[in-house]
Structures are given as C-alpha cells and as structure tokens.
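Accompanying notes for the structure given below.
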Amino acid sequence: MDVQRQEDVQEPEEENKKRSLWRELLSFIEIFVIAFLLAQFMTRFVLINAEVPSESMENMIEPGDRLFGFRLAYTFAEPERYDVVIFRYPVDETQNYIKRVIGLPGETVEIRGGKIYIDDADTPLEEPYLPEQWVEDNDGYFFEVPQDQYLVLGDNRNISEDARFWADRALESGVASDKQEAEQYTYVDEEQILGRAIVKYYPHFESLLSY
C-alpha cells in the first residue's frame, strides 16, 4: 500500500512538472513572437535602419556608420532646410540615399563661388557642417525647385554625388531622353522622402538632430 501511494503521488508531480515546462516554453515563444512582430512594425512603419556606404556626408556621418531614420517625422510637418533625410534616389528608386535639405519647394537656389544663395539673397547660407573648403563643382549652378520637391546636397561637397549631377546621371543611364526631361531627376519629390535621420548607433551612439 505504501509503495502504491508513493507512485500515486509521484505521477501528479511529474505531470505538474511537464505542464510547468510547457507553460514556460509557450511563454518564451509568446515573448519571442511579440518581440519579432514589434521589431517588424518598428522597421516597417516607424524606423529606417540604414548603413552609409560613402563619404558624402562627412564629418557628420562616416562610411560604415549605421543609423536610424524616423519615418513619421514628416507625417504632420514638412521637411525643413538643413534636415538630413533618407530618400529614394530619383534616378533609381531601388537605392536609398541620405543628404541634407538645402532648397525648399518654390525657392531658387544659386551656387556661386562655393556659396549658396536662396531667392537672390545678398548673403549666403551659413553652413558650419561642411568638413572642408568647397572647391569642386562649386560655381555656375542655378535651380528652381518645383512645388512639393526639394533640393538636397551632401555635406562633403567635393565628392558628393548629389543634385548637381543627377540630371546628367539620368541621361547617362537612359532614364531620361533629353536634358529637359532629365531636369526632373534633379529634385527629390516629397513622396520619395522616407524619413529624417535622427540617431547614429554604430560605431557609437550620437544624435543627428543637432546638426
């Protein structure tokens, strides 16, 4: 009788242990699934995870830096001058670029002697973020920014592949058939802007909103 009672007691204990293990396993799976779905939601609708391959935004962003962009930054507001934005490259929208907003919709932008003048202003824009003196392709450019579009340039102007050259790239790639048609690829459409760069997290953490 004692042996039978002992066996009867052991069986429920083993069953309880099994149930407890299953509950722990299901709880772990539930946490994993929730975390996965949350990460998917964040990267699809809230954050853009980007890696910068070139030197066009030095010294703010170096090649190999990884950063987050905020997709909802322009849900209730328009991009402002000096914002650093992530966008679909107008000539090839399969590629994402990162540049700084310089010209706003409806403005004229003139590049003269390494300085930028907005709407025929007498004084140029202040650009303390430029890493070095701008000496390459720094003169003779004039842009009339269409409505709902933006003119963007890299910070490292001596090497940046930006709005100054995109019309030529559109012609070279066959996306545009003539110079007049190619002009539209100079500008970034509002719908092509994916978000505003907000923070660099690799190789070290740094806010990008102060630039």
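Just so it is clear, the values below take in all heavy atoms, side chains as well, and ignore hydrogens, waters and symmetry mates.
Rounded to the nearest 0.5 Å, atoms CE (Met60) and CG (Leu67) are 8.0 Å apart. The CZ atom of Phe68 sits 10.5 Å away from the CD1 atom of Ile86 when rounded to the nearest 0.5 Å. The distance from the CD atom of Glu78 to the CD atom of Glu190 is 4.5 Å, given to the nearest 0.5 Å. How far CZ of Phe87 is from CG of Asn96: 9.0 Å, rounded to the nearest 0.5 Å. To the nearest 0.5 Å, the span separating CD1 on Ile98 from CG on Asp65 amounts to 9.5 Å. Taking CD1 of Ile198 as the start and CZ of Arg71 as the end, the distance is 11.5 Å to the nearest 0.5 Å.
With Tyr187 contributing its side chain and Glu144 its backbone, the two residues share a donor-acceptor pair below 3.5 Å. Side-chain N or O atoms of Asn138 include one that pairs as donor or acceptor with a backbone N or O of Trp134 at under 3.5 Å. Asp139 places a side-chain N or O within donor-acceptor distance of the main-chain N or O of Gly113, the cut-off being under 3.5 Å. The backbone N or O of Glu191 sits less than 3.5 Å from a side-chain atom of Arg88, completing a donor-acceptor pair. Remark: side-chain polar atoms of Asp83 are not paired, donor with acceptor, to backbone N or O of Val101 under 3.5 angstrom. In terms of modelled atom types and a separation under 3.5 Å, the side chain of Glu107 and the main chain of Gly103 share no donor-acceptor contact. The closest donor-acceptor contact from the side chain of Trp166 to the backbone of Asp168 lies at 3.5 Å or more, if one exists at all. For the pair Glu183 (side chain) and Gln180 (backbone), a donor-acceptor distance under 3.5 Å is absent. Asn156 places a side-chain N or O within 3.5 Å of a backbone atom of Glu55 that can act as its donor or acceptor partner.
Residues Phe143 and Val188 are members of separate hydrophobic clusters, defined by side-chain heavy-atom contacts under 4.5 angstrom among Ile, Leu, Val, Met, Phe, Trp and Tyr. The same ILVMFWY cluster, assembled from side-chain heavy atoms under 4.5 Å apart, contains both Tyr97 and Tyr74.
Using a cutoff of 4.0 Å between basic side-chain nitrogens and carboxylate oxygens, Arg100 and Glu127 are not scored as salt-bridged. For the pair Asp162 and Lys99, the salt-bridge criterion is not met [side-chain N within less than 4.0 Å of a carboxylate O].
Annotation: cation-pi pair Arg112/Tyr117 present, NZ/CZ under 6.0 Å from the ring centroid and within 45° of its normal.
The number of heavy-atom neighbours closer than 6.0 Å to CD of Glu172, taken from other residues, nucleotides and ligands shown, is above 12. Within a 6.0 Å radius of CD in Gln95, other residues, nucleotides and ligands contribute more than 12 heavy atoms. Around atom CZ of Phe142, more than 12 heavy atoms belonging to other residues, nucleotides or ligands sit under 6.0 Å away.
Heavy-atom minimum distance, Phe165 versus Ser160: CE1-O, 3.3 Å. Heavy atoms only, all atoms of each residue included: Ala163 and Leu151 are closest at CB-CD1, 3.4 Å.
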>> If you apply the rule side chain to side chain contact (heavy atoms under 4.5 Å, CB included), what do you find for Tyr150 with Leu104, and how did you get there?
In response: CA-CA 5 Å; Tyr150 297 84; Leu104 302 178; 4.0 Å; yes
>> Assess the residue pair Val91 and Ser173 against the criterion (side chain to side chain contact (heavy atoms under 4.5 Å, CB included)); give the C-alpha distance rounded to whole Å, side-chain angles, the decisive distance to 0.1 Å, and a yes or no.
In response: CA-CA 8 Å; Val91 180; Ser173 64; 3.8 Å; yes
> Going through the checks in order, is the side chain to side chain contact (heavy atoms under 4.5 Å, CB included) test met by Arg164 and Arg157?
Replying inline: CA-CA 10 Å; Arg164 292 169 291 169; Arg157 306 275 165 77; 4.1 Å; yes
>> Could you go through Ile159 and Glu136, starting from their C-alpha distance and side-chain angles, then the distance that decides it, and tell me whether this counts as side chain to side chain contact (heavy atoms under 4.5 Å, CB included)?
In response: CA-CA 8 Å; Ile159 64 169; Glu136 299 290 337; over 6 Å; no
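For the residue pair Asp119 / Thr108, a side-chain donor-acceptor distance below 3.5 Å is found, with atom types taken as modelled.
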